[in-house]
Amino acid sequence: MSERKTTKGTAAAAAPVIDVPRCLAVLAGKGKEAGLALTQEQLDQFGIYYEKLIETNARLNLTALTSPEDVAVKHFIDSLLAYDPQLMQPGTALIDVGTGAGFPGLPLKLYAPGLKVTLLDSLEKRLRFLDDVLAATHVKGIRLVHGRAEDGGRDPEHRGRYDIAVSRAVAKLSVLAEYCLPFVKRGGYFVALKGSRYEEEIAGAQHALAVLGGKLAAARPVHLPGLDDGRAVVVIRKVKDTPAAYPRKAGLPSKKPL
């Protein structure tokens, strides 16, 4: 891995600048501010992840945030703020619903290798990108699944099979709950990374949680180094089985939230 700079010429001007040392310096420094201790091996893996992300983003729209500082803080560290050592023990089965470019599931796996992680996404191109990252970082104990959350939540192979479902998707909590809670076994947790309006979203999701078998366990405010935008990690405990009618067919949860 090395820093790459664009050179003169039309084609070269479109090439991305990949500054691995800068990304890792920010990740290590800002991560320490956030209480995250990263080993050199983990930093090396995050460096490969960053490099692959920027390379692939040039042809596949994975993220609008591409500077080394943004990737380190707003993708990697933001994902790791969901880590809870009490919930995420070695052997914990975790599914990232709508993983996109792998956030937050893959950073959590790199940080806590003992997790058994499944990354679910509806776009096969994203999963091919993630497969390339896994091969390059030599990460084991992680599975890639192609499909929509509404379909996966009805599949007996996945329904009620996970200790934790996580999501960093841009959707209201009431919608995310219908996507995620069906995957979680009774007594497990749905963990959502939310922005400054998390209290409003929690209030608006009470009916959905009651219907789907969830109950608010915690809303843990978190601080992303360098930002002050009122983020929180919302933790929902699965207290009863989700009724068979949920999740509804593809598209309905977002069009007609509970």
Side-chain angles (χ1 to χ4, degrees), residues 1 16 18 20 23-24 27 31 36 38-39 41-68 70-83 88 91-153 155 157-158 161-171 176 179-180 183 190-193 250:
M1 295 181 294
I18 302 176
V20 175
C23 179
L24 296 187
L27 178 58
L36 301 166
L38 293 157
T39 67
E41 180 182 7
Q42 288 169 332
L43 288 170
D44 290 343
Q45 290 175 321
F46 275 107
I48 293 169
Y49 190 1
Y50 159 72
E51 187 170 17
K52 291 282 187 183
L53 177 70
I54 304 307
E55 285 178 345
T56 306
N57 200 62
R59 61 182 185 277
L60 175 64
N61 184 24
L62 294 170
T63 176
L65 302 173
T66 57
S67 74
D70 279 349
V71 173
V73 175
K74 296 180 181 179
H75 283 323
F76 293 161
I77 295 175
D78 184 50
S79 294
L80 293 176
L81 291 178
Y83 177 70
M88 300 177 185
T92 297
L94 179 150
I95 184 168
D96 180 0
V97 180
T99 190
F103 309 120
L106 184 48
L108 287 171
K109 174 65 176 179
L110 296 181
Y111 189 68
L115 293 173
K116 295 180 179 178
V117 172
T118 297
L119 304 178
L120 172 74
D121 200 81
S122 62
L123 189 60
E124 201 163 4
K125 290 180 180 179
R126 295 193 193 113
L127 295 177
R128 286 199 293 268
F129 155 70
L130 292 170
D131 195 42
D132 288 343
V133 175
L134 295 179
T137 53
H138 306 290
V139 173
K140 306 296 182 185
I142 193 165
R143 179 169 59 157
L144 306 179
V145 176
H146 177 228
R148 295 180 66 106
E150 300 96 324
D151 298 326
D155 186 341
E157 184 180 354
H158 299 287
R161 300 290 184 180
Y162 296 90
D163 301 303
I164 298 175
V166 297
S167 184
R168 204 177 70 129
V170 182
L176 284 179
Y179 290 154
C180 294
F183 290 97
F190 158 42
V191 178
L193 288 80

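The first residue of the sequence shown is numbered 1, and numbering continues consecutively from there. Treat the numbers as computed from the prediction; the structure is a model and nothing was measured.
The NE2 atom of His138 sits 6.5 Å away from the CD1 atom of Ile48 when rounded to the nearest 0.5 Å. Separation of atoms OG1 (Thr39) and OH (Tyr111) is listed at 9.5 Å; rounding is to 0.5 Å. Considering CG of Leu60 and CD of Glu55, their distance stands at 13.0 Å, rounded to 0.5 Å. Put simply, CG on Leu81 and CG on Leu36 are 6.5 Å apart, with the number rounded to the nearest 0.5 Å. The OG1 atom of Thr137 sits 10.0 Å away from the CD atom of Glu41 when rounded to the nearest 0.5 Å. Note that CG of Leu144 and CD of Glu124 are 10.5 Å apart. Values are rounded to the nearest 0.5 Å.
Using a 4.0 Å cut-off between charged side-chain N and carboxylate O, Asp132 and Lys52 make no salt bridge.
Leu24 and Leu43 make their closest contact through CD2-O, 3.2 Å (heavy atoms, listed as atom of the first residue, atom of the second, distance). The heavy-atom pair separating Pro68 from Tyr50 by the smallest distance is CB-OH, 3.8 Å. For the pair Leu127 and Leu119, the tightest heavy-atom approach, listed with the atom from each and the gap, is CD2-O, 4.1 Å. Taking both residues in full, the closest heavy atoms of Arg161 and Glu157 are given as CG-O, 3.2 Å, listed atom of the first, atom of the second, then distance. The minimum heavy-atom distance linking Ser167 with Leu176 is given by the pair OG-CD2, 3.5 Å. Closest approach of Ala250 to Arg148, counting heavy atoms only: CB-NE, 3.3 Å.
You'll find the side chain of Thr118 reaches within 4.5 Å of the side chain of Arg143, heavy atoms only. In this structure, the side chains of Ile77 and Leu27 come closer than 4.5 Å at one or more pairs of heavy atoms. For the pair Thr56/Arg59, a side-chain contact is recorded, criterion being any heavy-atom separation below 4.5 Å from C-beta on. By the 4.5 Å heavy-atom criterion applied to side chains, Glu150 and Tyr179 are counted as neighbours. Two residues are said to be in side-chain contact when any heavy atoms from C-beta on lie closer than 4.5 Å; His75 and Arg168 meet this criterion. Using a 4.5 Å cut-off on side-chain heavy atoms (C-beta onward), Phe129 and Asn57 make no contact.
Side chain of His146 to backbone of Asp121: no donor-acceptor contact under 3.5 angstrom is found.
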Show your working on side chain to side chain contact (heavy atoms under 4.5 Å, CB included) between Phe46 and Leu80 and close with a plain yes or no. CA-CA 12 Å; Phe46 275 107; Leu80 293 176; 4.1 Å; yes
I'd like to know whether Leu120 forms a side chain to side chain contact (heavy atoms under 4.5 Å, CB included) with Phe183, so could you lay out the CA-CA distance, the side-chain angles of the two residues, the decisive distance to 0.1 Å, and finally the verdict. CA-CA 11 Å; Leu120 172 74; Phe183 290 97; 3.7 Å; yes
Step-by-step side chain to side chain contact (heavy atoms under 4.5 Å, CB included) determination, Leu94 to Tyr162: CA-CA 6 Å; Leu94 179 150; Tyr162 296 90; 5.9 Å; no
May I have the list of side-chain donor-acceptor pairs in residues 97-109 shorter than 3.5 Å, sequence neighbours left out?
from: Thr99; atom 1: OG1; to: Asp96; atom 2: OD2; distance (Å): 2.7
from: Lys109; atom 1: NZ; to: Pro113; atom 2: O; distance (Å): 2.6
from: Lys109; atom 1: NZ; to: Leu115; atom 2: O; distance (Å): 2.6
from: Lys109; atom 1: NZ; to: Lys140; atom 2: O; distance (Å): 3.0
from: Lys109; atom 1: NZ; to: Gly141; atom 2: O; distance (Å): 3.4

